[in-house]
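In what follows, a single structure is set out as structure tokens and then discussed.
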Amino acid sequence: MGKWFSGVKKFIPFEGYAKSVKTAARISFPKISSDCTDKEPSNFLSHKKMVPYSDPPSMEDVESLYEFFDRSTKLVVLTGAGMSTESGIPDYRSPNGAYSTGFKPITHQEFLRSIKARRRYWARSYAGWRRFTAAQPSTGHIALSSLEKAGHISFLITQNVDRLHHRAGSNPLELHGTVYIVACTNCGFSLPRDLFQDQVKAHNPKWAEAIESLDYDSRSDKSFGMKQRPDGDIEIDEKFWEENFYIPECQSCQGVLKPDVVFFGDNVPKSRADAAMEAAKGCDAFLVLGSSLMTMSAFRLIKAAREAGAATAIINIGATRADDIVPLKISARVGEILPRLLSIGSLSIPAP
């Protein structure tokens, strides 16, 4: 069923002027098709604690986003953690994010210089893996994949490391890498994360057995003081992981293994950064979904697109670093507004 609601002030792109609107409308969600048929998509309504509050998108919001898509012939989309919160994976910077509790993620430098830090990271990451991989693509992920397959999106870039876009049928450039691959910091050898998980289990059987028998919702000591974190790890009270927790080494050179993710304090690989920048400078429209753009690696892309003459827009709950330079900003959950495009005008996608 639909729901009555009021719209909010917003800006309209392409026109060269600002337009204030307030509307009321009844919205029902279209049926969405995708290749992700093994499980139902995650429902963002079941992850209210993860996703910051936002009024439902107005009809004016939907129409403005439709116009943005319809006028573009070479659209680049950049997605951020706001997409994944709707699948139950927490973010860092939103009002409900990890930073709000005082959490500080591990840095690249800390990981490399401290064996204790690596033990803590991998113990927590091993513990969180099962729950992290249980997350399913949201309606936003699936709608984005449908628009991509229909030719309405030319290039997709994501800051997320969770591969939910892949599971929805997309194949984005992973700007910050992925936790699904583990790589050697010395020789570059890599292996699938599932294989690394098996190695950790083989070397730490008692730890693995204890972790696999946990009730993640428990707040007792039996849960190891667990709390899910954005990059797939679980916060565990230090008293629960031991100094002799063994971390597998690189089978090629015995070097330090690390998830193939750009940690804080590290740089995006040049080839990846160059590919993203080339797409941003060559597009005629650049859309940001669920990102505050606080990292320079993301902000520089929308800035470059704007300077090259592309139309720009943002859908995000809360302030972003680019609010002052982008003419169209919609405060909404991606999973509430993007599926609406699938039943409108030239973007309409028939149900299977």
Side-chain angles (χ1 to χ4, degrees), residues 35-36 38 78-81 83-84 87 89-92 105-112 115 117-137 141 145 155-204 208 211 228-234 245-276 295 297-298:
D35 292 336
C36 184
D38 55 335
L78 170 70
T79 70
M83 291 282 295
S84 297
S87 293
I89 296 176
D91 64 353
Y92 288 114
I106 192 169
T107 65
H108 179 75
Q109 294 77 11
E110 182 185 6
F111 185 92
L112 292 183
I115 180 62
R118 292 197 294 275
R119 285 196 183 106
R120 181 176 67 246
Y121 176 85
W122 280 122
R124 288 160 44 151
S125 191
Y126 179 89
W129 187 244
R130 182 178 60 180
R131 184 174 179 179
F132 185 78
T133 57
Q136 295 297 306
H141 288 104
S145 177
F155 197 76
L156 178 60
I157 306 168
T158 186
Q159 297 172 263
N160 301 332
V161 300
D162 50 44
R163 293 217 158 157
L164 288 175
H165 282 302
H166 293 76
R167 296 171 70 182
S170 296
N171 186 30
L173 172 68
E174 295 173 306
L175 192 63
H176 296 156
T178 176
V179 291
Y180 278 81
I181 296 175
V182 176
C184 177
T185 58
N186 182 50
C187 72
F189 171 84
S190 65
L191 69 159
R193 177 61 182 269
D194 285 340
L195 180 56
F196 179 81
Q197 289 287 112
D198 291 341
Q199 292 178 1
V200 172
K201 181 177 181 178
H203 287 296
N204 304 277
I211 291 298
Q228 185 78 53
R229 289 305 183 192
D231 290 338
D233 67 327
I234 287 279
F245 181 85
Y246 180 81
I247 307 170
E249 298 175 336
C250 173
Q251 65 187 53
S252 178
C253 73
Q254 288 71 57
V256 172
L257 293 176
K258 172 183 170 292
D260 191 21
V261 168
V262 178
F263 280 172
F264 288 86
D266 195 10
N267 297 315
V268 175
K270 187 177 185 303
S271 60
R272 206 181 298 164
D274 288 348
T295 62
S297 59

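Excluded from the calculations below are hydrogen atoms, water molecules and symmetry mates; all remaining heavy atoms, backbone and side chain alike, are included.
Nearest heavy atoms, Arg119 versus Phe245: NE-O, 3.1 Å. Here the shortest heavy-atom pairing between Asn160 and Ser84 reads ND2-OG, 3.4 Å. When all heavy atoms of Cys184 and Gly255 are compared, the closest pair comes out as SG-CA, 4.0 Å. When all heavy atoms of Leu78 and Ala298 are compared, the closest pair comes out as CD2-CB, 4.0 Å. Smallest separation of non-hydrogen atoms from Ser145 and Gly169: OG-C, 3.5 Å. Considering all non-hydrogen atoms of both residues, Pro248 and Leu257 come closest at O-CD1, 3.5 Å.
Evaluated for a side-chain hydrogen bond (donor to acceptor under 3.5 Å, both in side chains) with Thr79, the options His141, Gln159, His165 yield exactly one hit, His165.
Side-chain atoms of Arg118 come within 3.5 Å of backbone atoms of Leu112 as a donor-acceptor pair (strictly under, hydrogens ignored). One N or O on the side chain of Asp162 and one on the backbone of Leu164 form a donor-acceptor pair closer than 3.5 Å. A donor-acceptor pair under 3.5 Å links the side-chain atoms of Asn204 to the main chain of Val200, judged by distance alone. In this structure, the side chain of Glu110 does not engage the main chain of Ala117 through any donor-acceptor pair within 3.5 Å. With hydrogens and angles disregarded, no donor-acceptor distance shorter than 3.5 Å links the side chain of Asp260 to the backbone of Thr178. In this structure a side-chain-to-backbone donor-acceptor pair under 3.5 Å is missing from Thr158 to Glu174. A distance-only check finds a donor-acceptor pair linking the side chain of Thr185 to the backbone of Val256 [under 3.5 Å].
Separation of atoms CE (Met83) and CD1 (Ile89) is listed at 11.5 Å; rounding is to 0.5 Å. In this structure, CD1 on Ile247 lies 14.0 Å from OH on Tyr126, to the nearest 0.5 angstrom. Within the model, atoms CZ of Phe132 and CZ of Arg193 stand 8.5 Å from one another, a figure rounded to the nearest 0.5 Å. Rounding to the nearest 0.5 angstrom, the gap separating the CD1 atom in Ile115 from the CZ atom in Arg120 is 11.5 Å. To the nearest 0.5 angstrom, Phe196 atom CZ is 15.5 Å from Tyr180 atom OH. Taking CG of Leu156 as the reference point, atom OG of Ser170 lies at 5.5 Å (rounded to 0.5 Å).
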Practice problem: Decide yes or no on side-chain contact (heavy atoms from CB on, under 4.5 Å) for Arg272 and Ser297, but give the supporting numbers first. | Solution: CA-CA 11 Å; Arg272 206 181 298 164; Ser297 59; over 6 Å; no

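When only modelled atom types and interatomic distance are considered, Arg167 and Thr133 share no side-chain donor-acceptor pair under 3.5 Å.
Under the side-chain contact (heavy atoms from CB on, under 4.5 Å) criterion, Ala276 pairs with Ile157, Leu173, Leu175, Leu301, sequence neighbours left out. Evaluation of the ring pair (Phe, Tyr, Trp, His ring centres under 6.0 Å) rule for Phe189 yields no partner, not counting sequence neighbours. Residues passing the ring pair (Phe, Tyr, Trp, His ring centres under 6.0 Å) test with His203, sequence neighbours excluded: Tyr246.
Between Leu191 and Cys250 there is no side-chain heavy-atom pair separated by less than 4.5 Å. Put simply, the side chain of Pro259 does not reach to within 4.5 Å of the side chain of Ser125, judged on heavy atoms.
A perpendicular orientation is assigned to the rings of Phe263 and Phe111, their planes being inclined by more than 60° (bins at 30° and 60°).
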